[in-house]
Amino acid sequence: VPSWNAMISTYFQVGQVEEAFKLFDEMPQRNVVSWNAMISGFAEHGYLLEAFSLFQQMPERNKVSWNIIIKAYAGLNKLNEAVQIFEQMQQENVGPNAITFITLLDVCGNTAALSSGIWVHRCILDCGFEVDVHVWTALISMYAKCGCLDNAHLVFDKILCKNVATWTTMISSCAQYSLGEKALQMFKDMHLKGIMPDKVSFVTLLSACSYASLVDEGFNYYLTMSEAYNFASVPEHYTSLIDLLGHVGWLDEAEKMILHIPLQPN
RNA sequence: CCCCUAGUAGA
């Protein structure tokens, strides 16, 4: 059964929805993972009716099944529906896990629903299980997206196990609140704490330089990334640099850069 | 490495 399940997921990953369903239909036995894989794949490709229908039909559901449905609503920015499913799962004695909360926080952030985000935060604390760094980071992100940088900072300060993603969330939040210098300072602080930047944190850093109109710093950081860290550039790096040139009015340089990057400009 | 998992550009 795991082999069939893996094939179903693979078909969805390459967009072959019909092939996936054919396998599900033909496989000799199915387990809850088979059903979950189908529901998740259907939902991800926009086949929501099919997803919901399978969810109704499936013989047994686990936490993942419920999380997939919450995610389906979250993907549509349907916060109220997502919360309803969250409450329904608990009525059916299926407890949430970290992923449940992360999914809910994500939709709160995307819809700037601060009061709901605070409510989810409280649920997390009430739940009593130990909160991992993924959930903490999702909380920071939610507060920042909801316009509450102060709360984001409060959460950030309390986290003991900050990793590069946690720092990047905070750096990005500062940049989005036009605190470019502060964002750069945090990048340095992160480095001082011995946490190594990765590609995503460099994208964030370069965009912070753009917000702060710091051309030299931005290009120096870009060189550091390429030469000291040996990271290959992704399109986002170039976009950030071009954006930086544009922000300070160096339009000729920006245009030149578009013509010279080793990627097809989109 | 059978299903749902946090941070990133431009608009």
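Treat the numbers as computed from the prediction; the structure is a model and nothing was measured. Numbered from 1 within each chain, the chains take letters A, B, ... in sequence-line order.
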task: Determine, using the 4.5 Å side-chain heavy-atom cutoff (strictly less than), whether A/Phe12 and A/Val1 are members of one ILVMFWY cluster.
output: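 As far as the 4.5 Å side-chain criterion goes, A/Val1 and A/Phe12 are connected within one cluster.
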message: Taking atom OH as the centre, does A/Tyr177 end up with more than 12 heavy-atom neighbours from other residues, nucleotides or ligands that are less than 6.0 angstrom away?
response: yes
- prompt: Within a reach of under 6.0 Å around NZ of A/Lys63, are more than 12 heavy atoms found that belong to other residues, nucleotides or ligands?
  reply: yes
statement: Once base and sugar-phosphate atoms are separated, protein heavy atoms under 4.0 Å mark nucleotides 6-11 of chain B, 5' to 3', with B, S and - as BBBBS-
query: Looking just at side-chain N and O atoms, do A/Asp189 and A/Gln185 make a donor-acceptor pair shorter than 3.5 Å?
result: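 Note: A/Asp189 and A/Gln185 side chains meet the donor-acceptor criterion.
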- prompt: By a strict heavy-atom criterion of less than 4.0 Å, which residues belonging to residues 40-71 of chain A are in contact with RNA chain B?
  reply: A/Ser40, A/Val64, A/Asn67, A/Ile68, A/Lys71
How close or far is atom [atom2] of [N] from atom [atom1] of [X], stated in whole angstroms?
{"X": "A/Asn5", "N": "B/C4", "atom1": "CG", "atom2": "C1'", "result": "14 Å"}
{"X": "A/Ile99", "N": "B/U5", "atom1": "CD1", "atom2": "P", "result": "7 Å"}
{"X": "A/Asn36", "N": "B/U5", "atom1": "CG", "atom2": "P", "result": "12 Å"}
{"X": "A/Leu23", "N": "B/C2", "atom1": "CG", "atom2": "C1'", "result": "13 Å"}
{"X": "A/Ile8", "N": "B/C1", "atom1": "CD1", "atom2": "P", "result": "18 Å"}
{"X": "A/Phe24", "N": "B/C2", "atom1": "CZ", "atom2": "P", "result": "19 Å"}

query: Using the P atom in both, what is the distance from B/U5 to B/C1, to the nearest Å?
result: 13 Å
Integer angstrom distance from the C1' of B/A6 to that of B/G10: 23 Å
field: Among A/Tyr238, A/Tyr229, A/Tyr222, ring-ring contact (aromatic ring centres under 6.0 Å, His included) partner for A/Phe202
entry: A/Tyr229
- request: With sequence neighbours left out, write down each residue that passes salt bridge (charged side-chain N to carboxylate O under 4.0 Å, His left out) with A/Glu236, or none if nothing qualifies.
  value: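 Salt bridge (charged side-chain N to carboxylate O under 4.0 Å, His left out) list for A/Glu236, sorted by chain: empty.
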- request: Step by step, work out the ring pair (Phe, Tyr, Trp, His ring centres under 6.0 Å) result for A/Phe101 and A/Phe129.
  value: CA-CA 12 Å; A/Phe101 289 123; A/Phe129 65 61; 5.8 Å; yes
task: For A/Thr224 and A/Asn220, indicate whether the former's side chain and the latter's backbone hold a donor-acceptor pair under 3.5 Å.
output: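 Answer holds: yes.
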Plane angle bin for A/Tyr221 and A/Phe187 - parallel if under 30°, tilted between 30 and 60°, otherwise perpendicular: perpendicular
